[in-house]
Colleague: 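Please see the structure below; I have some questions.
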Amino acid sequence: MNEDNLKEKEELKPSISFIEQFIAEDIKDGKNGGTIVTRFPPEPNGYLHIGHAKAICLDFGMAKKYGGKCNLRFDDTNPVKEDVEYVDSIKEDIHWLGFDWDNREYYASDYFGKLYNFAVELIKRGLAYIDDQSAEIISNQKGTPNQPGTVSPYRDRQVKESLDLFERMNKGEFEEGSRTLRAKVDMTSPNMDMRDPIIYRIIKSPHHRTGNKWNVYPMYDFAHGQSDYFEGITHSLCTLEFEVHRPLYDWFVEQLKTSDYRPRQIEFNRLNLTYTMMSKRKLLELVQEGNVKGWDDPRMPTLCGLRRRGYTPESIKRFVDLIGYTKVEAINDVSLLEHAVREDLNMKSPRVFGVLNPLKVIIQNYPEGQVENVELINNPEDENMGKRHVPFSKEVYIEQDDFMETPPNKFFRLAPGMEVRLKGAYIIKCEGFKKNPSTGIIEEVYCTYDKETRSGGSGSERKVKGTLHWVSAAHAADAEVRLYDRLFNHEDPSGQKDDDYRKFLNPDSLKILTGCKVEPSLLTAKPLEKFQFQRLGYFCVDSDSTESKLVFNRTVSLKDTWAKVNK
RNA sequence: UGACCCAUGGUGUAAUUGGCAACACGUUAGAUUUUGGUUCUAAAGAGUCCAGGUUCGAAACCUGGUGGGUCAACCA
């Protein structure tokens with residue numbers, strides 16, 4: 001093998017993330033029987049966003065690649081925050097992304113019985129105790145990261161007494177907040193998480209799955225690792241902020257284990273995107289305060305928002321693939337996400353004509369009443385997508401931006417005396433225009449067409465600098481088009497210590513255009529259908545769209561080098 | 001006055017685990033184009049946070065700094 005071959009081979013082998021390296025090593029070393037089982041563990045307290053997509057791709061992706069399974073597990077240990085509404089949307093979004101958990105749909109609440117028994121077991125072994133102190137006192141005793149904590153006076157309470165109290169807590173005999181169950185670990189540990197963490201608290205709100213069966217509920221730290229253990233998870237992948245929880249995770253598993261089997265927690269960096277934020281709490285505030293129209297507002301980084309905006313699952317997966325998994329706290333440029341959708345939609349979406357800001361062009365020498373159905377290619381990237389016919393007539397709409405009374409240098413569009421091609425039809429020449437004398441607005445443009453230049457015809461090889469999209473006035477369908485811009489005008493709106501994120505809300509993040517004109521073939525377009533409005537961008541039929549009122553969302557504009565030059 | 005984690009072009013990641021710092025996005029040119037799209041070609045842009053050390057050789061290993069992050073919910 002020569003050097004070139006070697007090089008080529010290397011390029012074919014994509015580098016794998018540090019997580020995948022760990023997984024591959026574990027499997028190779030025969031850990032846990034050389035198997036891999038992962039899990040995606042959302043809390044059903046909100047909608048999934050693109051950050052979750054990153055976790056989903058990893059959890060399901062690794063399992064698939066290494067011949068294992070990935071479970072869906074709802075981390076529903078806090079009944080006051082959770083709801084079935086969210087369970088359904090989470091499942092829908094995972095499926096939309098293209099992943100499936102077969103029948104392995106689990107709930108941490110399924111393990112409440114086992115968890116309770118394990119807690120009892122820990123009490124019996126002297127490793128847990130009931131604390132009667134208030135939250136405030138416990139917090140004070142915990143110390144600070146710099147100072148060790150002090151032990152609770154209840155730490156050495158009799159096992160029998162703790163057992164009895166725990167049982168009565170669960171029977172509902174005590175008020176919320178009056179007592180907790182704590183693990184007896186180490187109040188002097190430099191890791192705050194290990195300072196006798198609270199593992200059970202009294203909550204009297206009904207749980208969305210177990211109703212009023214329980215009055216005590218396990219904390220995250222007492223549920224997650226154990227749930228992993230019960231399900232035979234081998235690799236428990238989570239985000240960086242859980243790094244400090246790992247010693248406790250391992251501590252509980254150590255108390256629980258009955259064999260060599262061990263789940264392994266590995267942490268990776270969260271997905272951050274410029275000009276938006278991922279905090280579920282803050283996204284909820286945006287919805288509640290009316291700064292967006294709902295969880296699925298196309299400006300939201302939620303999966304349902306991105307879906308409504310016109311993003312494809314493939315583009316999101318591609319994006320996730322491009323940014324990778326590391327331990328660096330990174331903030332990813334949205335332009336990479338936009339690149340990913342454009343790349344995908346360029347291959348997939350049919351081209352159509354849509355005029356956002358119509359300007360009427362009258363072709364003076366075109367016969368009155370004549371209509372020609374001109375043929376257009378649906379997608380130059382994919383011949384299989386075929387062709388379509390679009391009606392052309394004496395009066396057409398073009399984009400207001402495509403005409404200028406006094407054009408700057410290198411303006412390849414319509415202006416007095418200039419020629420352009422109407423794509424798929426004829427070359428036209430601007431002979432004049434009508435301007436409203438009081439407003440200065442151009443109201444009509446008058447042209448003549450060169451009959452010999454019809455596309456596909458014998459004179460069609462004549463070149464002009466510009467080609468415009470257009471819609472026949474008599475045949476156009478009306479549409480509303482919603483243009484979206486970044487929700488915030490700061491790269492990191494929620495990361496500013498002195499400023500509230502609301503300060504950075506972009507007042508122009510949504511622009512609604514009415515009276516847009518689109519080609520008649522779009523009349524039958526259905527919600528979520530995607531198109532490229534030629535020369536403008538990618539658009540998606542909104543769920544508000546009806547047969548009598550078409551509504552499109554702009555997913556992303558096309559790259560526009562003219563707009564750049566023009567600046 | 002802590003523990004743990006992190007630091008590579010503008011951004012995100014690579015570097016066959018000690019051997020010529022590479023890729024993608026973005027940017028800038030040029031070519032192609034009946035989309036100022038796409039595609040193609042090229043260029044600019046980091047010498048790897050800093051200072052020492054080990055080594056023939058360090059982005060990688062060691063020591064010490066600096067900077068950033070996480071941890072003190074009866075949230076997850």
Colleague: Measure from the side-chain N and O atoms of Arg157(A) to the backbone N and O of Ile130(A), and report whether any donor-acceptor pair falls under 3.5 Å.
Modeller: yes

Colleague: Starting from P on rU70(B), measure out to NZ on Lys327(A) and report it in whole angstrom.
Modeller: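 Taking NZ of Lys327(A) and P of rU70(B), I get 15 Å after rounding.
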
Colleague: How is Glu175(A) classified with respect to the nucleic acid when contacts are heavy atoms under 4.0 Å: base, sugar-phosphate, or nothing?
Modeller: nothing

Colleague: Could you check whether Leu558(A) gets within reach of a base, just the sugar-phosphate, or nothing at all, counting any heavy atom under 4.0 Å?
Modeller: base

Colleague: Would you mind reading off the distance between Leu337(A) atom CG and rC25(B) atom P, rounded to a whole angstrom?
Modeller: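 One finds 14 Å between P of rC25(B) and CG of Leu337(A), rounded.
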
Colleague: Could you tell me whether Lys280(A) and Glu43(A) have a side-chain N and a carboxylate O separated by less than 4.0 Å?
Modeller: no

Colleague: Using a 4.0 Å heavy-atom cut-off, does Gly456(A) contact any base of the nucleic acid, only the sugar-phosphate backbone, or nothing at all?
Modeller: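 Base, at least one base heavy atom under 4.0 Å.
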
Colleague: For Tyr220(A) and rU70(B), give me the distance from atom OH to atom C1', rounded to whole Å.
Modeller: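 Distance, rounded to whole Å: 14 Å.
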
Colleague: Could you tell me whether Thr274(A) contacts a base, only the sugar-phosphate backbone, or nothing, with contacts defined as non-hydrogen atoms closer than 4.0 Å?
Modeller: nothing

Colleague: Under 4.0 angstrom, heavy atoms only, what part of the nucleic acid is Gly149(A) near: base, sugar-phosphate, or nothing?
Modeller: nothing

Colleague: Does Arg201(A) reach the main-chain N or O of Gly177(A) with its side chain, forming a donor-acceptor pair under 3.5 Å?
Modeller: no

Colleague: Tell me whether the side-chain N or O atoms of Gln534(A) pair up with the base of rU34(B) as donor and acceptor below 3.5 Å, since no angle test is needed here.
Modeller: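 Answer no: no donor N or O sits under 3.5 Å from an acceptor.
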
Colleague: Name the nucleic acid region contacted by Asp333(A), choosing base, sugar-phosphate or nothing; use a 4.0 angstrom heavy-atom cut-off, strictly under.
Modeller: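 Counting heavy atoms under 4.0 Å across all strands, the contact made by Asp333(A) is with sugar-phosphate only.
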
Colleague: Map Ala330(A) and Thr453(A) onto RNA chain B by nearest heavy atom, then report which one ends up closer to the 5' terminus.
Modeller: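 Final value for this comparison: Ala330(A).
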
Colleague: Can you measure Asn146(A) atom CG to rA3(B) atom P for me and round it to whole angstrom units?
Modeller: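 Roughly 10 Å, once rounded to whole Å.
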
Colleague: When you get a sec, tell me which of rA14(B), rC74(B), rC5(B) is the closest nucleotide to the side chain of Thr326(A)?
Modeller: rA14(B)

Colleague: Please check if the distance between the ring centroids of Tyr106(A) and Phe74(A) is under 6.0 Å.
Modeller: no

Colleague: So Ile331(A), base contact, sugar-phosphate only, or nothing? Heavy-atom distance under 4.0 Å.
Modeller: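 The answer is sugar-phosphate, as Ile331(A) gets under 4.0 Å only of primed atoms, P, OP1 or OP2.
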
Colleague: With a 4.0 Å cut-off on N to O distance, would you call Arg246(A) and Asp193(A) a salt bridge?
Modeller: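 Salt bridge flag = no for Asp193(A) with Arg246(A).
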
Colleague: Ser189(A) near the nucleic acid: base, sugar-phosphate alone, or nothing, with a heavy-atom cut-off under 4.0 Å?
Modeller: nothing

Colleague: Counting side-chain heavy atoms from CB outward, which of rC74(B), rC25(B), rA24(B) is closest to Ile198(A)?
Modeller: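 Of rC74(B), rC25(B), rA24(B), rC74(B) is nearest to the side chain of Ile198(A).
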
Colleague: What nucleotide, of rA76(B), rU34(B), rA24(B), holds the atom closest to the side chain of Leu336(A)?
Modeller: rA24(B)

Colleague: Any N or O donor-acceptor pair linking the side chain of Arg421(A) to the base of rU34(B) at under 3.5 Å?
Modeller: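 Answer yes: a donor N or O sits under 3.5 Å from an acceptor.
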
Colleague: Please classify the nucleic acid contact of Tyr200(A) as base, sugar-phosphate, or nothing, using heavy-atom distances under 4.0 Å.
Modeller: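 Counting heavy atoms under 4.0 Å across all strands, no contact is made by Tyr200(A).
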
Colleague: Let me know the distance between CG of Asp344(A) and P of rG37(B), rounded to the nearest Å.
Modeller: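 About 20 Å, once rounded to whole Å.
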
Colleague: Specify the separation, in whole Å, of atom CG of Asp193(A) and atom P of rC5(B).
Modeller: 15 Å

Colleague: Would you say rC25(B) has OP1 or OP2 under 4.0 Å from some side-chain N or O of His339(A)?
Modeller: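 Checking rC25(B) against His339(A), a side-chain N or O does come within under 4.0 Å of OP1 or OP2.
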
Colleague: Which nucleotide, rA72(B), rG12(B), rA76(B), lies nearest any side-chain atom of Met192(A)?
Modeller: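 Nearest listed nucleotide: rA72(B).
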
Colleague: Does a side-chain N or O of Lys142(A) approach OP1 or OP2 of rA73(B) to a distance below 4.0 Å, or not?
Modeller: no

Colleague: Identify which nucleotide among rU38(B), rC4(B), rG36(B) has an atom closest to any side-chain atom of Glu243(A), counting heavy atoms from C-beta outward.
Modeller: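 Per side-chain heavy atoms of Glu243(A), the pick is rC4(B).
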
Colleague: Scan His224(A) against the nucleic acid and name what it touches under 4.0 Å (heavy atoms): base, sugar-phosphate only, or nothing.
Modeller: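 Nothing, no heavy atom under 4.0 Å.
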
Colleague: Would you indicate which nucleotide in rA76(B), rA72(B), rA15(B) comes nearest to any side-chain atom of Ser139(A)?
Modeller: rA72(B)

Colleague: Where the side chain of Arg351(A) is defined as all heavy atoms beyond and including C-beta, which of rU35(B), rA76(B), rU38(B) is the nearest nucleotide?
Modeller: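 So the nucleotide nearest the side chain must be rU35(B).
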
Colleague: Reckon Lys423(A) has a side-chain N or O less than 4.0 Å from the OP1 or OP2 of rG36(B)?
Modeller: no

Colleague: On the nucleotide rA76(B), are OP1 or OP2 found under 4.0 Å from the side-chain N or O atoms that Arg201(A) carries?
Modeller: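 Looking at the OP1 and OP2 atoms of rA76(B), one of them is under 4.0 Å from a side-chain N or O of Arg201(A).
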
Colleague: Under 3.5 Å, is there an N or O donor on one side and an acceptor on the other linking the side chain of Glu381(A) and the base of rG37(B)?
Modeller: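 Yes, a donor-acceptor pair under 3.5 Å.
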
Colleague: Can a donor-acceptor pair under 3.5 Å be found between the side-chain atoms of Ser455(A) and the base atoms of rU34(B)?
Modeller: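 When only heavy-atom distances are counted, Ser455(A) does reach the base of rU34(B) through a donor-acceptor pair under 3.5 Å.
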
Colleague: Return the nearest nucleotide to the side chain of Lys497(A); candidates are rC74(B), rG69(B), rU38(B).
Modeller: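 Between rC74(B), rG69(B), rU38(B), the one nearest the side chain of Lys497(A) would be rG69(B).
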
Colleague: NA contact type, Gly177(A), heavy-atom cut-off 4.0 Å: base, sugar-phosphate, or nothing?
Modeller: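 Contact class for Gly177(A): base.
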
Colleague: Return the nearest nucleotide to the side chain of Val328(A); candidates are rG36(B), rA73(B), rU13(B).
Modeller: rU13(B)

Colleague: Compare the minimum distances between each of rU70(B), rU35(B), rA76(B) and the side chain of Pro380(A), then state the nucleotide with the smallest one.
Modeller: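 Of the candidates, rU35(B) comes closest.
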
Colleague: Which glycosidic conformation, syn or anti, is assigned to rU13(B) if syn requires a torsion within 90° of zero?
Modeller: anti

Colleague: So what does Thr561(A) touch, heavy atoms closer than 4.0 Å: a base, only the sugar-phosphate, or nothing?
Modeller: sugar-phosphate

Colleague: Look at the side-chain N and O atoms of Arg535(A) and state whether any lies under 4.0 Å from the OP1 or OP2 oxygen of rU34(B).
Modeller: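 No, no such contact exists.
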
Colleague: Tell me: CD of Glu383(A) to C1' of rU38(B), nearest whole Å?
Modeller: 15 Å

Colleague: Tell me whether the OP1 or OP2 atom of rG36(B) has a side-chain N or O from Lys559(A) closer than 4.0 Å.
Modeller: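 No, because none of the side-chain N or O atoms of Lys559(A) sits under 4.0 Å from OP1 or OP2 of rG36(B).
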
Colleague: With a non-hydrogen cut-off below 4.0 angstrom, is Arg413(A) in contact with a base, only sugar-phosphate, or nothing?
Modeller: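 Base, at least one base atom sits under 4.0 Å.
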
Colleague: On RNA chain B, nearest-nucleotide positions of Asp131(A) versus Glu25(A): which is more 5'?
Modeller: Glu25(A)

Colleague: Would you please classify the geometry between the Tyr249(A) ring and the His224(A) ring as parallel, tilted or perpendicular, with 30° and 60° separating the classes?
Modeller: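 Correct class here is tilted.
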
Colleague: Expressed in angstrom and rounded to an integer, what is the separation of Phe412(A) atom CZ from rU32(B) atom C1'?
Modeller: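 So the two atoms are 15 Å apart, to the nearest Å.
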
Colleague: In whole angstrom, give me the gap between the P atoms of rA46(B) and rC56(B).
Modeller: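 Each nucleotide's P atom is 32 Å from the other's.
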
Colleague: Enter syn or anti for the glycosidic conformation of rG47(B), syn applying to angles within 90° of 0.
Modeller: syn

Colleague: Base of rG37(B), side chain of Arg342(A) - is there a donor-acceptor contact under 3.5 Å?
Modeller: no

Colleague: Do any side-chain nitrogens or oxygens of Asn269(A) fall under 4.0 Å of OP1 or OP2 in rU13(B)?
Modeller: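 Checking Asn269(A) against rU13(B): at least one side-chain N or O falls below 4.0 Å of OP1 or OP2.
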
Colleague: Syn or anti for rA72(B), please, going by whether the chi angle lies within 90° of 0.
Modeller: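 Here rA72(B) takes the anti form, which means its glycosidic angle is more than 90° from 0.
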
Colleague: Using a cut-off of 4.0 Å on non-hydrogen atoms, how would the nucleic acid contact of Asp560(A) be classed: base, sugar-phosphate, or nothing?
Modeller: sugar-phosphate

